[in-house]
2 protein chains.
Amino acid sequence: MGTRERKQKEFSLREALFLEAAEAMVSEEGFLHLQMARLAEACDYATGTLYQHFSSKEDLLLALANRRMEAFVDIFRKVGAWQGGTPRERMFAIAVGDLDFSRHHPEHAKLTQYVHAEAVWENTSPERREQAMCCTGPVGEVVAGIVQEAIDRGDLDAQGLSPLELACGPWSVCEGMRALSHVQGLFESLNIRSPERLFFRQVQVHLNGLNWAPLADPADHAATDALVARVRREVFDVSGPDAREVRS
Amino acid sequence: MGTRERKQKEFSLREALFLEAAEAMVSEEGFLHLQMARLAEACDYATGTLYQHFSSKEDLLLALANRRMEAFVDIFRKVGAWQGGTPRERMFAIAVGDLDFSRHHPEHAKLTQYVHAEAVWENTSPERREQAMCCTGPVGEVVAGIVQEAIDRGDLDAQGLSPLELACGPWSVCEGMRALSHVQGLFESLNIRSPERLFFRQVQVHLNGLNWAPLADPADHAATDALVARVRREVFDVSGPDAREVRS
DNA sequence: TTATGTTTTGAATCAGGTTCAAAATCCGAC
DNA sequence: GTCGGATTTTGAACCTGATTCAAAACATAA
């Protein structure tokens, strides 16, 4: 009988509904103003029903973060599918995608930061944490693939590091710059004119430091800007006007 | 009359008392279990009195973070006072200090991460935020000084970047690795054996990428370990057994 | 010593996440 | 159809813990 299975479907449909509504509320007034009772009411369900899906408010927030994470993973899939660049350019493309994503979804960046704070993390359900973990699967695969290809071509010498260990470098540059840019007013007080250019430049610097051929000239803005534009066009389907919007 | 001034002194003495007690409670059971009423009682004051000093619980947490931040700034002062290394080694020393500090004060790292989450940040008082900002003053000065010295000696070509813009690179590597290491189980799942070595290696990679002379061989563990040990000894007064403890 | 301003107190208030006993609904069996 | 037990939904009550504020205590000045 399909009864059980229909129930299952209805259940996950309802979960999607909750998440949809929650996302709308969050993007409207920030995730710290999200209220469980209000969310339930907005979906015409009782508060308790919400708790059949999410073990706590934190659990719901992590679920939201995971949902968006899937869109984030798409960045990596797109880069993985891109055949138009050298491995180094593909690694750079990930940095571009990362930056653009966090610009398009500023709430997501904050939410991620928030749910990863131990105080919050501890209050989520193990299942949801599991889910969060396995989201990173494809990410690792794509990155490791890029590094491996670079090694195979002779563009890069791993010098005893595994592909993922190697990738931690550029990754931490991305994470770090994001973290710094979230400190309100920091860049202003350091008199940094163009955080975006600085970010891309540091990525190039780091890749150079890894001796990842072909080396780039980090000081050559024009070249970097051109690469960024090309990546946005070829990998992420962002055309002219959009690109400008993203960049601004 | 010294009445007003005596009052002032008593007031800030009491604030120090509150912070002292709060720190003890936090280090004992984590900052998420800190309770305003319990803290007040532990200090033999009423709850309301606490609110004469801190506009909210979040404000108190930020005050705690700021207090520790002063110890953090000491790292930069020590590096600034160190005369035994090249500018590059001094920059590297900052990374060592940063890592060791976050190991010695794991609660502080978490707390900092937490108070910087917008949800929390918004709930602090403007004065306290101001205070948090100006803590970074000496940090910037020391770092900018190191970079400037390297440029003056001809070890480093700024290529149009200001000293602080340049320093953002290594800084973001530090921040980024810290952020990654806080994601529970990430390093394990990536099969990273020695996060510490990887961290120092990436710092070297990045400095190489900046073409900061004298270049280092990032793959040379022995050399990096020796440099780390030397920094811990000469700059931070950490001798043998302690160093081992720190490293473990 | 009294009038007035200031600080402290802690019980009351308030917010909002979480629970759970009762009501409603579903579903297979007769 | 409808009965009875299992499952799901409900939402008011509960609970924790931050915050407030009117009264009390205290300090200062006249």
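Quantities reported herein were computed from a predicted structural model and do not represent experimental measurements. Keep in mind that the numbers below use all heavy atoms, side chains included, and drop hydrogens, waters and symmetry copies.
B:Asp74 and B:Arg77 are joined by a salt bridge, as a carboxylate oxygen and a charged side-chain nitrogen come within less than 4.0 angstrom of each other. Taking a cutoff of 4.0 Å between a charged side-chain nitrogen and a carboxylate oxygen, A:Glu15 and A:Arg128 qualify as a salt bridge. The pair B:Arg38-B:Glu41 does not count as a salt bridge, with every side-chain nitrogen at least 4.0 angstrom from each carboxylate oxygen. Between B:Arg68 and B:Glu107 no salt bridge is recorded (no basic side-chain N to carboxylate O distance below 4.0 Å).
In the set C:dT18, D:dT19, D:dA27, D:dT19 carries the atom at the smallest distance from any side-chain atom of B:Glu58.
A donor-acceptor contact shorter than 3.5 Å is absent between the side chain of B:Lys110 and the backbone of B:Gly30. Between the A:His116 side chain and the A:Thr112 main chain, a donor and an acceptor come within less than 3.5 Å of each other. Without hydrogens or angle criteria, A:His105 side chain to A:Phe101 main chain gives no donor-acceptor distance under 3.5 Å. Side-chain N or O atoms of B:Ser56 include one that pairs as donor or acceptor with a backbone N or O of B:Asn123 at under 3.5 Å.
Under the 4.5 Å side-chain criterion, counting only non-hydrogen atoms from C-beta, B:Cys168 is in contact with A:Leu198.
Annotation: proximity of residues 49-56 of chain A to DNA chain C (heavy atom, distance under 4.0 Å) is found for A:Tyr51, A:Ser56, numbered in ascending order. A heavy atom closer than 4.0 Å to some atom of DNA chain D occurs in no member of residues 9-21 of chain B. Taken residue by residue, residues 27-47 of chain B places heavy atoms nearer than 4.0 Å to DNA chain D at B:Leu34, B:Gln35, B:Met36, B:Thr47.
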Full working for side-chain contact (heavy atoms from CB on, under 4.5 Å) between B:Val228 and B:Phe92:
CA-CA 8 Å; B:Val228 170; B:Phe92 188 84; 3.7 Å; yes

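Here the P atom of nucleotide D:dA18 and the CG atom of B:Asp59 are 14 Å apart, to the nearest Å. Distance B:Leu60 CG to D:dT19 P: 10 Å, rounded to the nearest Å.
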